[in-house]
Amino acid sequence: MSAVRVLAFAGSLRKGSYNKKLAKQFAAAAERAGAQVTVLDLADYPMPIFDEDVEAEQFPERAAAFKEQLRRHDAFIIACPEYNSSITAALKNAIDWASRKTTDDEAPLEAFKGKVVALAAASPGGFGGLRGLVPVRMLLGNIGCLVLPQQLAIPHVQKVMAEDGSIGEEAIQKQVDSIAQALVDTATHQRAG
Ligand SMILES: Cc1cc2nc3c(=O)[nH]c(=O)nc-3n(C[C@H](O)[C@H](O)[C@H](O)COP(=O)(O)O)c2cc1C
């Protein structure tokens, strides 16, 4: 059987994003676990704030391209910053666009249904972005994703993550490896079933 396809991305647009670096750490771990991994930068998919009038006029090309990336993969790794104890606007907006049909013959929520998801967060703050993962988990579950119960939130990330994204604490790196392994195992199982 071919390797499971995993898409890793962050819910942050900023260049120096800790969460982009964390998504890359998970991507490398998923590759070691045998997956075929694509790393995506949401900043490469600029899209307007979702508006049904804009959608009716013309579905934005980059929103469609982002949705196509989701469609092509079996599983997602999403590292999402916490903004005001919730999901970032960039991630919510991208999900809203990708939840919409782009052709008449596609099934509802085709980009999300049955996809296995691993969630992570990193923050300079003391909660590590943990509170923001609650709404992310809820909404992805409600649109048909299977969100792994295991997740990682890294508090005071500036103390444990180097400039290149490497993680200085062995216990945290082990969690990254174990969640990535669980993602690949679950996605493999899902595909077989
Ligand atoms: C609008 C806004 C709201 C924020 N709210 C929170 C918050 O509720 N909890 C938290 O831990 N950090 C919060 N932060 C700080 C972010 O965790 C920090 O900027 C982090 O580096 C963002 O993730 P990134 O590095 O992946 O871009 C907030 C930042 C912004 C810009």
Side-chain angles (χ1 to χ4, degrees), residues 6-31 35 37-51 62-63 65-67 69-70 73 75-98 112 115-142 145 147-180 182-183:
V6 174
L7 183 66
F9 61 98
S12 173
L13 301 177
R14 97 184 169 89
K15 286 191 192 78
S17 164
Y18 292 115
N19 286 278
K20 285 186 190 177
K21 291 174 185 170
L22 184 56
K24 282 188 186 155
Q25 293 299 315
F26 270 96
E31 242 160 28
V37 185
T38 309
V39 178
L40 174 154
D41 187 341
L42 212 46
D44 293 332
Y45 296 81
M47 52 188 98
I49 294 287
F50 183 83
D51 175 341
R62 296 316 281 158
F66 172 70
K67 179 184 165 189
Q69 286 283 12
L70 295 175
H73 290 81
F76 314 141
I77 290 161
I78 308 177
C80 189
E82 175 180 293
Y83 277 5
N84 298 311
S85 71
S86 191
I87 187 171
T88 62
L91 179 60
K92 178 64 165 61
N93 191 47
I95 292 173
D96 285 346
W97 277 112
F112 296 99
K115 303 297 171 78
V116 185
V117 184
L119 294 179
S123 168
F127 294 115
L130 190 63
R131 296 171 306 178
L133 294 184
V134 176
V136 179
R137 170 177 296 280
M138 180 199 67
L139 95 82
L140 289 172
N142 288 345
C145 294
V147 186
L148 292 183
Q150 305 92 320
Q151 65 182 25
L152 174 66
I154 308 180
H156 309 298
V157 63
Q158 72 283 8
K159 294 186 185 160
V160 297
M161 186 180 274
E163 194 58 35
D164 67 358
S166 58
I167 296 169
E169 267 188 41
E170 202 187 329
I172 298 177
Q173 184 58 51
K174 275 192 177 154
Q175 276 182 278
V176 171
D177 292 340
S178 127
I179 294 170
L183 181 77

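Only a predicted model underlies this, so the values are computations on that prediction, with no experimental measurement involved. Both ligands and their constituent atoms are indexed starting at 1 by order of listing.
- Looking at residues two or more places apart in sequence or on another chain, you find a side-chain contact (heavy atoms from CB on, under 4.5 Å) between A94 and L42, M47, F66.
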Using residues 121-131 as the side-chain source, report each donor-acceptor pair under 3.5 Å to any protein atom, sequence neighbours left out, with the distance given to one decimal.
unit_1, atom_1, unit_2, atom_2, d
S123, OG, G125, N, 2.9
R131, NE, E82, OE2, 3.1
R131, NH2, E82, OE2, 2.7

With the criterion set at N/O pairs under 3.5 Å, what does the list of contacts between the protein and ligand 1 look like, atom names and distances included?
unit_1, atom_1, unit_2, atom_2, d
ligand 1, 5 (N), E82, O, 3.4
ligand 1, 5 (N), N84, N, 2.8
ligand 1, 8 (O), E82, OE2, 3.2
ligand 1, 8 (O), N84, N, 3.1
ligand 1, 8 (O), S85, N, 2.8
ligand 1, 9 (N), E82, OE2, 2.7
ligand 1, 11 (O), S123, OG, 2.6
ligand 1, 17 (O), S123, OG, 3.3
ligand 1, 23 (O), N19, ND2, 3.3
ligand 1, 25 (O), R14, NE, 3.2
ligand 1, 25 (O), R14, NH2, 2.8
ligand 1, 25 (O), Y18, N, 3.0
ligand 1, 26 (O), S17, OG, 2.6
ligand 1, 26 (O), Y18, N, 3.4
ligand 1, 26 (O), N19, N, 3.0
ligand 1, 26 (O), N19, ND2, 2.7
ligand 1, 27 (O), S12, OG, 2.7
ligand 1, 27 (O), R14, NE, 2.9

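- Test I167, I77, I154 against V176 for side-chain contact (heavy atoms from CB on, under 4.5 Å) and you get one pass: I167.
- Considering only residues two or more places apart in sequence or on other chains, Q151 meets the side-chain hydrogen bond (donor to acceptor under 3.5 Å, both in side chains) condition with R137.
- A donor-acceptor contact shorter than 3.5 Å is absent between the side chain of K24 and the backbone of G165.
- With no hydrogens or angles considered, no side-chain donor-acceptor pair links N19 and S17 at under 3.5 Å.
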